[in-house]
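As the structure lists them, so they are numbered: ligands from 1, and atoms in each ligand from 1. Remember, it's a predicted structure, so these values are computed and weren't measured experimentally.
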Amino acid sequence: MKLPLPPLPTALQPKPKRPGEAEQAKPVEQAKEAGITAVDWIDERTSLSGAARWVMFRKIPKGTNWFYTLGSATMFAFLSQAVTGVFLAMYYDPSVVNAYESARHITNDVWLGEFVRGMHKWGSTVMVVLICLHMARTFFFGAYKYPRELNWVIGVVLLILTFVMSFTGYLLPFDQRSYWATIVGVNINGTGPLAGPFLSDFLRGGAEFGATTLSRFYAIHMLLVPGAIAALIGAHLYLVARLGTTAPPWLKAESHEGGIREERV
Ligand code: HEM
């Protein structure tokens with residue numbers, strides 16, 4: 001038998017309506033109102049809406065086209081790598097004895113493991129392709145010129161760091177292919193002028209390729225470089241918001257009365 005519910009405490013009971021008082025808003029309306037109040041509450045204390053407006057409501061030049069989405073596409077590829085990487089790190093074990101087995105376990109036993117590992121593996125290639133296309137776009141549109149040189153330099157560092165991610169990630173499955181390919185890669189680094197031998201020593205973690213190498217590659221791959229990439233993307237996007245984007249070169253060439261057309265239309 002179902003027992004009757006106890007009465008609500010007085011404080012929680014709805015107040016009786018006063019004569020002439022307006023109809024109370026429906027729960028959905030109340031919920032929407034609550035959302036606005038919460039955003040207002042945060043904004044009053046942080047003034048974040050100003051920063052959000054500054055970043056998102058910008059004038060963009062005429063002629064902006066699909067090629068301008070390559071930077072954001074690269075950023076989403078990076079975010080996808082970060083998210084799938086976190087899930088892989090929950091199962092991966094960076095020790096010489098268990099690394100291969102833990103990677104095999106992710107693919108064969110963990111729920112959606114093969115899918116997440118596949119996304120991470122193919123995502124790395126996608127990110128490299130996108131970053132190169134984005135760099136080509138900014139190069140051919142002349143976006144590296146004054147006043148955006150610093151953003152180009154930050155971009156070059158991002159490119160190198162993306163390659164470092166691919167290189168350090170390749171060793172982690174610790175199978176025959178990744179082991180020998182990484183030895184070749186580290187040896188190639190060693191042939192570089194002046195810094196080369198120090199770099200390959202640093203990567204190996206000593207004279208021999210072994211357990212320290214793997215944990216070193218893992219730390220670089222999942223802590224050092226992603227952190228640096230995230231910080232540099234922040235700086236890169238700050239400069240994009242601050243300086244605006246470049247108009248396509250053919251529009252600049254079409255300028256009226258001989259002068260260069262104003263870029264930030
Ligand atoms: C993780 C890597 C990168 C991310 C997430 C990224 C993101 C972006 C975004 C969202 C934009 C604005 C929209 C656009 O033009 O596509 C941009 C602009 C720019 N990026 Fe990148 N970028 C990256 C790497 C690079 C690289 C490798 C270079 C060149 C070496 C570069 C140079 C530039 C320049 C010069 C601009 C200004 C474009 C303009 O004013 O028209 N970026 N980036």
Is the Lys NZ or Arg CZ of Arg117 less than 6.0 Å from the centre of Tyr91's six-membered ring, within 45° of the axis?
no
Distance under 6.0 Å and angle within 45° of the ring axis: does Arg45 meet both against Trp41?
yes
Holding to side chain to side chain donor-acceptor pair (under 3.5 Å), I want the full list of residues that pass it with [X], two or more places apart in sequence or in another chain.
X: Asn189; answer: none
X: Thr69; answer: none
X: His120; answer: Thr84

Considering heavy atoms of the protein only, find what lies nearest to [atom] and give residue, atom and distance to 0.1 Å.
atom: atom 35 (C) of ligand 1; answer: Ala143 O, 3.6 Å
atom: atom 41 (O) of ligand 1; answer: Thr246 OG1, 2.8 Å
atom: atom 15 (O) of ligand 1; answer: Arg137 NH2, 2.4 Å

Please state whether [X] comes within less than 4.0 angstrom of ligand 1, counting heavy atoms only.
X: Tyr68; answer: yes
X: Phe78; answer: no
X: Cys132; answer: no

Which atoms from ligand 1 have a heavy atom of [X] less than 4.0 Å away?
X: Arg148; result: 40 (O)
X: Met75; result: 5 (C)
X: Leu237; result: 9 (C), 10 (C)
X: Gly244; result: 40 (O)

For Phe67, is the CZ atom crowded, meaning more than 12 foreign heavy atoms sit under 6.0 Å from it?
no
Does atom CD of Glu149 have more than 12 heavy-atom neighbours from other groups under 6.0 Å away?
yes
Is a donor from one side chain sitting under 3.5 angstrom from an acceptor on the other, for Arg204 and Thr213?
no
Can you tell which part of Thr245 has a heavy atom less than 4.0 Å from ligand 1: side chain, backbone, both or neither?
both
Nearest-0.5 Å distance, CG of residue Leu158 to CE of residue Met75
12.0 Å
Test: Arg104 and Glu101 ion pair at under 4.0 Å:
yes
Could you see if Ile220 belongs to whatever hydrophobic cluster contains Leu159? Use Ile, Leu, Val, Met, Phe, Trp, Tyr and a side-chain cutoff under 4.5 Å.
yes
Taking 2.8 Å as the limit, list every protein N, O or S atom around atom 21 (Fe) of ligand 1, by chain and residue number.
His134 NE2, His236 NE2
